[in-house]
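Taking it in order: structure first as structure tokens, then the write-up.
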Amino acid sequence: MGKRTQAQRDESTVEIGYALFSGAFAAAVVFGAVAGPKLMFTMPYAVEQGLLLAAAAAAGLVFPIRVVTVLRRHAREADGNSRAARSGQGTAAARARGGPGSSAGSGGPDRPRLADGGDESGRVPDSRP
């Protein structure tokens, strides 16, 4: 993989934080949705305990699934971006938002592309989302 820049390390740190936060949020929402009826309605003790157990189990499944999904997506995008930077081609996501390797903002798809994402006129498309 080679040496990573400080920006790449920071990006990974932020993505890990986002994955953990969004996983915890999703788990809390699932827990509340499953266990919520316990607070709103009077139920037998066994049903209340069953709802709490089901809510905990569902939240316990949602959290790691969400974390893994976010981190895999990040790794796939980071790998695609680093590969595109080495080859001078953009990823599909970059092309869709007008980043390097796209024809957005360069006068059309028939204009020749340079390694930096610009065309022969020297214009480089704005890669901001």
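Only a predicted model underlies this, so the values are computations on that prediction, with no experimental measurement involved.
Counting heavy atoms from C-beta on, the side chains of L52 and E48 never come closer than 4.5 Å. Contact of the V67 side chain with the P64 side chain is not registered, since no non-hydrogen atoms from C-beta on lie closer than 4.5 Å.
Connection of L39 to V34 is not established within any shared hydrophobic cluster, with ILVMFWY side chains joined at heavy-atom distances below 4.5 Å, either directly or through further cluster members. In the hydrophobic clustering of ILVMFWY residues, with side-chain heavy atoms under 4.5 Å counting as a link, F21 and V29 come out apart. In the hydrophobic clustering of ILVMFWY residues, with side-chain heavy atoms under 4.5 Å counting as a link, V62 and V70 come out apart.
Here the straight-line distance linking atom CD of Q8 with atom CD of E11 works out to 7.5 Å at 0.5 Å rounding. Atom CZ in F31 sits 15.0 Å away from atom CZ in F63 (nearest 0.5 Å). Distance check: H74 NE2 to D79 CG gives 11.0 Å after rounding to the nearest 0.5 Å. The line from CD of Q49 to CG of L51 is 9.5 Å long, rounded to the nearest 0.5 Å. Within the model, atoms NZ of K3 and CD of Q6 stand 11.5 Å from one another, a figure rounded to the nearest 0.5 Å.
Put simply, the side chain of R66 never gets that close to the backbone of A26: no donor and acceptor are under 3.5 Å apart.
The salt bridge (Lys or Arg N to Asp or Glu O under 4.0 Å) analysis of residues 14-39, with sequence neighbours excluded, yields the pairs E15-R73.
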